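Nothing here was measured: the structure is a model prediction, and the numbers come from that model. Counting convention: from 1, in listed order, for ligands and their atoms alike.
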Amino acid sequence: MSDRVVVAGAVYDQGRLLAARRSAPPELAGRWELPGGKLEPGESGEQALVRELREELGVETEPLERIPGEWPLGPGYVLQVWTARLVSGVPAPLQDHDELRWLGPGEGDEIDWLDQDRPAVAEAMRRLPAG
Ligand code: 523
């Protein structure tokens with residue numbers, strides 16, 4: 001059986017990347033991630049990403065491009081990441097997170113990312129658009 005997909009967004013606005021600190025489950029709480037969640041049946045990755053970012057952060061986003069690669073999570077899950085543009089709204093930690101941060105150039109290593117997010121974060125910082 002193929003792995004189930006978790007999508008995450010490298011959300012850009014004004015030349016910065018959005019990072020979200022998880023509040024649950026206990027083993028992940030306090031670590032930072034690119035926000036997202038599980039693909040639901042019938043959804044494309046882009047559709048799932050837009051839905052998850054709306055539910056978790058209250059914002060509208062537009063996926064830009066997939067960051068090549070996928071990264072194993074727990075058994076049976078893989079992480080896929082898209083860059084995305086903030087279209088409207090101000091992100092707020094509505095679900096799953098207790099803090100948000102915007103990272104500018106050179107600030108990608110300032111926070112304790114989940115290990116599995118690090119390769120995509122590094123690539124997302126390389127692709128950071130000009131402010
Ligand atoms: N990750 C992860 N990195 C990352 C995300 C969005 C998720 O390692 N950037 C992991 C964390 C969880 C699993 O993927 O082990 C599912 O993510 P979660 O809990 O954000 O997905 P949801 O919101 O769809 O989860 P449920 O509401 O529990 O279904």
Side-chain angles (χ1 to χ4, degrees):
M1 240 181 68
S2 59
D3 288 328
R4 287 196 59 190
V5 173
V6 173
V7 299
V11 179
Y12 298 131
D13 188 45
Q14 298 180 19
R16 298 165 309 165
L17 171 70
L18 184 64
R21 193 172 69 183
R22 289 195 68 109
S23 52
E27 61 273 19
L28 304 181
R31 310 281 302 278
W32 293 78
E33 69 173 8
L34 299 172
K38 296 178 190 123
L39 195 76
E40 289 181 356
E43 278 183 325
S44 67
E46 286 95 336
Q47 287 168 338
L49 182 67
V50 168
R51 175 184 53 75
E52 287 284 348
L53 296 175
R54 184 183 295 138
E55 289 172 2
E56 295 188 355
L57 304 171
V59 292
E60 296 303 319
T61 54
E62 179 193 6
L64 297 173
E65 50 193 8
R66 170 105 181 261
I67 292 184
E70 58 181 26
W71 297 275
L73 299 173
Y77 283 91
V78 292
L79 180 67
Q80 298 182 355
V81 178
W82 276 258
T83 59
R85 177 178 80 81
L86 185 64
V87 172
S88 65
V90 177
L94 305 177
Q95 279 179 14
D96 300 347
H97 303 113
D98 61 5
E99 196 176 332
L100 303 176
R101 254 189 86 169
W102 288 104
L103 302 173
E107 295 176 347
D109 293 333
E110 289 186 4
I111 54 178
D112 185 22
W113 293 100
L114 289 172
D115 294 334
Q116 56 272 27
D117 282 42
R118 286 174 194 268
V121 168
E123 184 56 32
M125 288 304 291
R126 280 193 283 274
R127 296 179 182 207
L128 202 64

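By the definition of a contact as any protein heavy atom under 4.0 Å away, atom 20 (O) of ligand 1 is in contact.
The backbone N or O of Ala24 lies less than 3.5 Å from a partner atom in the side chain of Arg22, making a donor-acceptor pair. Judged by distance alone, with hydrogens and angles left aside, the side-chain atoms of Trp113 form a donor-acceptor pair with the main-chain N or O of Gly108 at under 3.5 Å. Within the 3.5 Å criterion, the main-chain N or O of Leu34 finds a donor-acceptor partner in the side chain of Asp117.
At a threshold of 4.5 Å between non-hydrogen side-chain atoms, the residues Glu33 and His97 count as touching. Between Trp102 and Gln14 the shortest side-chain heavy-atom distance does not fall below 4.5 Å. A heavy-atom distance below 4.5 Å is not found between the side chains of Leu18 and Asp13.
Per-residue contacts place Asp96 under 4.0 angstrom from the following atoms of ligand 1 (heavy atoms of the residue considered): 23 (O). Proximity to Gln116 (heavy-atom distance under 4.0 Å) selects the following atoms of ligand 1: 2 (C), 8 (O). In the vicinity of Ala8, heavy-atom distances shorter than 4.0 Å reach the ligand 1 atoms 9 (N). Near Leu114, with a cut-off below 4.0 Å to any heavy atom, the atoms of ligand 1 are 2 (C), 3 (N), 8 (O). Ligand-side atoms of ligand 1 in range of Glu56: 23 (O), range being under 4.0 angstrom from any heavy atom. Residue Gly36 has at least one heavy-atom neighbour below 4.0 Å for each of these atoms of ligand 1: 6 (C), 20 (O). Heavy-atom contacts of Glu52 reach the following atoms of ligand 1: 23 (O), 24 (O) (cutoff under 4.0 Å).
Ranking the protein heavy atoms by distance from atom 29 (O) of ligand 1 puts Lys38 NZ, 3.0 Å first. Of the protein's non-hydrogen atoms, Arg22 NH1, 3.9 Å is the one closest to atom 17 (O) of ligand 1. The shortest contact between atom 3 (N) of ligand 1 and any protein heavy atom is with Asp117 OD1, 2.8 Å. Summary of contacts: the protein heavy atom closest to atom 1 (N) of ligand 1 is Glu33 OE1, 4.1 Å. Protein heavy atom at the shortest distance from atom 10 (C) of ligand 1 is Leu73 CD1, 4.0 Å. When only non-hydrogen protein atoms are considered, atom 13 (C) of ligand 1 lies nearest to Val6 CG2, 4.2 Å. With respect to atom 12 (C) of ligand 1, the closest heavy atom belonging to the protein is Leu28 CD1, 4.1 Å.
With values rounded to the nearest 0.5 angstrom, Leu53 atom CG is found 11.5 Å from Leu94 atom CG. For the atom pair CZ (Arg31) and CZ (Arg21), the distance works out to 12.5 Å, reported to the nearest 0.5 Å. If you take CD on Gln80 and CG on Leu73, they are separated by 10.0 Å, rounding to the nearest 0.5 Å.
Considering both main-chain and side-chain atoms, Leu34 comes within under 3.5 Å of ligand 1 through a nitrogen or oxygen pair.
Other residues, nucleotides and ligands contribute only 12 or fewer heavy atoms inside 6.0 Å of the CG atom of Asp109.
Using a 3.5 Å distance cut-off with no hydrogens or angles, the side chains of Arg85 and Tyr12 do not pair a donor with an acceptor.
The proximity of Val81 to ligand 1, defined as any non-hydrogen pair under 4.0 Å, does not occur for either the backbone or the side chain.
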